[in-house]
Peer 1: 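I am attaching a structure below and will ask some questions about it afterwards.
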Amino acid sequence: MYFGYGDSPIMWNAGDGVYLWDENQFGMQRYSTVASKVLGYIVARLFNDIQARSDFIFYFGIVVSAILVFFCGFFLYRRFAKQSKYGVLLSILTGIVSSSLFIVNNFIWEQLIYFPGNYFFNLIPCIFIFLVFLIRYKKEIRLFDLLLIVLSTIFINHQFFFVIFILELFAFFIYELFFVYKDKKTRIKVLIKYVITVILILLISSYWLAPFISNIFEVSPSSFYSSDNWEAVFQGYRDTSRTSNLMNYSNYPGNISGKINGWIVTYIYYALLALPYAFFIIYFSRLKKIDKKDYFVFFLIIVYVIFFNLGQGPNSYLWGDIWMWLFRTQSWFGFFRSFNRFFIISILINSLLLPLTFILLKVKKSIKIIFAVILLLCFSITNFPILFSPYLDGTIGKMEVPQDYFELNTQLQSDTSQNYYVYILPALIYESYYWSIEGYSENYTSNYYFAELFYKKPILMEGGAYVLSNYSDTFKKLFQIDLGSFIFYEDFDEMIDSAGIKYILVKKDLIDVVNKNLPPDYQKYENYFMYNPDYVNVEENENFIVYENLDYKEFISVKETENCSIEYERISPVEYPFVLKCNTNQATIEMLNTFDVRWELVPNQNTQDIKNIISYKDLLSENHSSGILSNNQWEINLADLSSSSENYQEIDILYDEENNYTFKGTLYYFPQVSYRIFSYVSVASLLFTVISIISVGTYLVIKNKNVKKYEEKKSE
Amino acid sequence: MSKSTKKKNQNRTIRYYESLNNAIRGIYLKPQIVEKYLKKVSINEANTYDSKKIIDFSFLKSELETIFYSILLNPLNIIIAIILLVIIIVLSPNRYDFVTAFYYFIGYIWIANDLKPFTLSIISLIALIPVPILLAFKIEFVAEAFASAFYTFLTISLIGIIIQQAKLALAKRNSRE
């Protein structure tokens with residue numbers, strides 16, 4: 001059972017471990033997916049264990065966000081309205097209005113369609129900050145409250161939302177420091193509390209944050225994508241994130257936005273939603289001096305404006321040009337390509353401002369009721385496609401993967417000591433299968449990344465978002481999106497051999513989502529491999545045909561085949577211990593994956609000891625270079641290594657009387673060390689936070705009881 | 001640089017600015033008219049919105065008059081704003097160059113002339129009205145201009161409010177010292 005859809009299928013790869021090197025597509029560093037893999041693993045296990053229904057995870061995400069926003073609305077009424085007989089009822093009503101405005105809109109639903117896994121988990125901490133500040137309104141924010149906020153960050157599994165969260169926390173810090181407290185002593189106390197909070201947040205997130213930050217300034221986020229995809233998606237965001245679109249929450253015009261926009265009622269509804277913002281600005285501009293009681297709302301307005309402009313990215317009239325300059329000149333800034341995600345905080349504030357306008361506006365009740373009815377009507381009409389369509393059936397599909405795939409995987413898994421590539425044909429822009437369509441298929445027939453996440457051996461498969469030809473010039477021809485132009489050129493077989501491809505999977509079950517869900521032509525591939533003596537048909541079923549390549553290059557090999565032999569084992573995508581036997585001084589070890597300077601040759605097989613990996617980091621780094629296939633290779637002088645071993649006992653090399661060298665080493669992807677270290681740091685910090693919450697919470701409960709007792713005694 | 005020298009330099013800059021402004025103003029305004037306008041502006045500036053109505057149009061009228069007089073009395077601000085407008089149009093790589101530059105132009109004039117944020121926020125509210133109609137008729141480019149006018153003018157108003165509040169806080173602190 002596998003969950004997933006869209007660009008964040010976090011439920012798929014449960015149990016495979018977390019690695020900074022993704023061995024698919026000849027291997028590439030994948031620092032940015034660490035957090036989503038860890039959370040995905042936990043969630044996938046959980047939902048798998050309880051045999052969750054297909055739409056359960058979807059509703060889980062929505063319900064948690066809706067509940068949190070409901071409580072924000074609930075406390076909003078209690079904090080800002082005069083207490084009345086129907087106070088509780090009105091608080092509940094405010095909560096319902098806020099959560100409905102927040103959840104039922106095209107922006108949220110469209111984000112959910114494309115990034116189902118990421119979206120709602122990340123929203124939890126972002127909404128939780130607002131909730132804490134509304135609950136503690138006019139009271140001191142205690143360390144206990146901040147620790148709870150720290151704990152909520154375990155739900156952040158995406159770097160972008162981490163930035164949103166930190167900005168939000170910073171905004172509340174500024175509010176406390178400059179709006180709430182005036183004296184120096186209290187300000188210092190506030191500062192210390194926030195410093196502790198930020199340190200704990202950084203430590204808890206360090207397992208993904210440390211590798212991510214170490215990499216973002218070295219490798220541009222754009223290098224993951226083909227240049228067309230990178231620019232096209234950016235331009236798409238740029239076109240849809242104009243002010244007129246943002247005010248009607250338009251996100252993906254071809255999706256729900258396209259269906260609900262176009263009729264004047266919907267635009268009137270969005271104009272009405274924008275009114276509270278104008279109302280409060282007009283209200284504040286009329287005042288000579290803003291009172292302390294209005295500080296919180298004033299602060300909300302400022303945060304709204306900041307996030308609204310951040311959500312507009314290059315289209316913002318305030319800093320659009322600066323944004324564009326950063327995007328074009330600073331490669332790390334490419335991380336903000338999907339800039340309209342910032343808009344989520346504006347939507348949250350907007351959904352709180354609207355009921356707040358009703359609470360604070362001093363007009364006749366009848367006018368308020370008429371206004372509310374108009375809004376309700378416009379809301380229902382505008383969101384009709386969301387409220388009364390199959391969208392509510394859920395967008396995260398639970399797929400029953402055909403049994404044939406599991407059988408193939410068992411076969412792939414049986415070669416534990418070996419590594420090789422599985423080449424998948426035909427190649428399409430989006431990977432999608434006829435058996436994966438479930439529920440409402442109009443928008444989400446595509447379950448991208450199935451191949452990458454499912455198979456137990458690395459795969460090679462071109463797709464719209466990949467840039468395989470950029471990784472290796474040699475294999476440029478091998479990877480082409482199948483638009484009917486693929487031809488079996490002269491050295492095709494040679495290429496297959498030298499790329500280390502053992503199996504070729506000709507898929508019969510693919511559908512082309514950009515071509516009316518029609519199946520692509522797989523027959524020409526079948527015809528080619530069927531009559532070619534270099535390949536053997538080892539399996540055939542209704543979903544795929546498997547051909548075995550009889551003469552493929554080993555994943556790890558030695559160039560000097562006459563004088564040397566090598567045996568290796570695949571422990572994980574980042575760790576390959578090997579034994580090299582040579583009767584010559586010079587040996588060249590080749591590894592068939594993309595050259596990355598951070599691959600390291602450890603001169604022994606003791607990788608359990610992190611210190612050992614770190615201490616030999618640079619020993620053979622000078623011998624590491626890019627091979628003919630843009631792959632990793634090490635030219636080793638065994639005689640030198642043998643003499644070095646006299647000084648360094650950890651170098652595992654033997655030289656016998658018959659002039660034979662036996663060298664035991666490990667090929668290790670060094671950045672994985674940082675993940676290993678920081679995962680301990682994260683777990684320790686998380687435990688520390690939990691213990692602190694329990695102890696500080698207990699202390700507060702006892703303290704409150706004592707105060708109550710004291711007051712009771714005093715009154716007696 | 002000591003505090004007093006800094007203050008002296010600042011005062012000198014303000015004096016230069018004012019004398020230049022007055023010289024330019026003298027080209028097209030007679031001294032009697034200047035005095036008349038200055039009086040009107042100072043009277044209007046002291047006025048605060050105390051009407052019970054959400055929007056009082058008589059107040060708006062006097063506000064718009066103040067804006068007109070303030071702009072007329074400070075030609076140097078307009079010159080600086082035009083220079084800014086040209087620089088942004090020439091240098092900016094953004095495709096909304098002209099509209100962006102126009103908003104900066106309005107924003108600068110508003111803040112530099114100490115104009116009330118209230119009037120600008122009301123103007124922005126008026127800019128919102130045509131947006132749904134234009135969008136419904138698919139006149140997206142013009143709708144975009146109005147929608148952005150709504151948000152940008154409100155943002156400028158907000159910046160104006162923040163400056164106003166900061167000035168008040170500073171004045172309070174200075175009076176305490």
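Here is how names work: the chains are called A, B, and so on, in the same order as the sequence lines, proteins then strands, and each is numbered from 1. All of these numbers come straight from a predicted model, not from anything done at the bench.
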Peer 1: If we check side chain to side chain contact (heavy atoms under 4.5 Å, CB included) with B:L154, which of these qualifies: A:I281, A:V305, A:I301?
Peer 2: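 Only one of A:I281, A:V305, A:I301 forms a side chain to side chain contact (heavy atoms under 4.5 Å, CB included) with B:L154, namely A:I281.
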Peer 1: Find out whether A:F280 and B:L158 are in side-chain contact, i.e. whether some heavy atom of one side chain is under 4.5 Å from a heavy atom of the other.
Peer 2: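 Side chain of A:F280 against side chain of B:L158, heavy atoms only: no contact under 4.5 Å found.
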Peer 1: With a 4.5 Å heavy-atom cut-off, do A:S285 and B:S121 have their side chains touching?
Peer 2: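 They are in contact (side-chain heavy atoms under 4.5 Å apart), so the answer is yes.
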Peer 1: Give, as side chain, backbone, both or neither, the part of A:F308 having an atom under 4.5 angstrom from any heavy atom of chain B.
Peer 2: side chain
Peer 1: Would you name the heavy atoms of B:P132 and A:I268 that are closest together and state the gap between them?
Peer 2: CB-N, 3.8 Å
Peer 1: Would you sort out whether A:F298 and B:I162 count as a side chain to side chain contact (heavy atoms under 4.5 Å, CB included), showing the intermediate values?
Peer 2: CA-CA 10 Å; A:F298 188 58; B:I162 294 168; 3.8 Å; yes
Peer 1: Considering non-hydrogen atoms only, spot the tightest contact between B:E140 and A:R242 and give its length.
Peer 2: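 So the two residues come closest at OE1-NH2, 4.5 Å.
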Peer 1: Can you give me the closest heavy-atom contact between B:L128 and A:M247, atom names plus distance?
Peer 2: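 In this case the closest contact between B:L128 and A:M247 is CD1-CE, 3.5 Å.
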Peer 1: Given that the side chain runs from C-beta out, which part of A:Y304 has a heavy atom under 4.5 Å from chain B: side chain, backbone, both or neither?
Peer 2: side chain
Peer 1: Can you tell which part of B:Y151 gets under 4.5 Å to a heavy atom of chain A, answering side chain, backbone, both or neither?
Peer 2: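 The answer is both parts of B:Y151.
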Peer 1: Are A:T266 and B:L135 side-chain neighbours, meaning at least one heavy-atom pair lies under 4.5 Å?
Peer 2: no
Peer 1: Please flag which part of B:L168 lies under 4.5 Å from any non-hydrogen atom of chain A: side chain, backbone, both or neither.
Peer 2: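 Contact with chain A is through the side chain of B:L168 alone.
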Peer 1: Non-hydrogen atoms of chain B under 4.5 Å away: do they reach the side chain of A:Y270, the backbone, both or neither?
Peer 2: neither
Peer 1: Go through the atoms of B:F150 and report whether side chain, backbone, both or neither lie under 4.5 Å from a heavy atom of chain A.
Peer 2: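 Side chain only.
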Peer 1: Which one of B:L120, B:T152, B:T155 has the most heavy-atom pairs closer than 4.5 Å to chain A?
Peer 2: B:T155
Peer 1: For B:I133, is it the side chain, the backbone, both, or neither that has a heavy atom closer than 4.5 Å to a heavy atom of chain A?
Peer 2: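 For B:I133, the contact with chain A is made by backbone and side chain together.
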Peer 1: Any chance OH of A:Y295 has more than 12 other-residue heavy atoms, nucleotides or ligands included, within less than 6.0 Å?
Peer 2: yes
Peer 1: So for B:S124, is it side chain, backbone, both, or neither that comes closer than 4.5 Å to the heavy atoms of chain A?
Peer 2: neither
Peer 1: I need the B:Q165 CD to A:L287 CG distance, nearest 0.5 Å.
Peer 2: 8.0 Å
Peer 1: Quick check on A:I302 against chain B: is it the side chain, the backbone, both or neither that has a heavy atom closer than 4.5 Å?
Peer 2: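 For A:I302, heavy atoms of backbone and side chain both lie under 4.5 Å from chain B.
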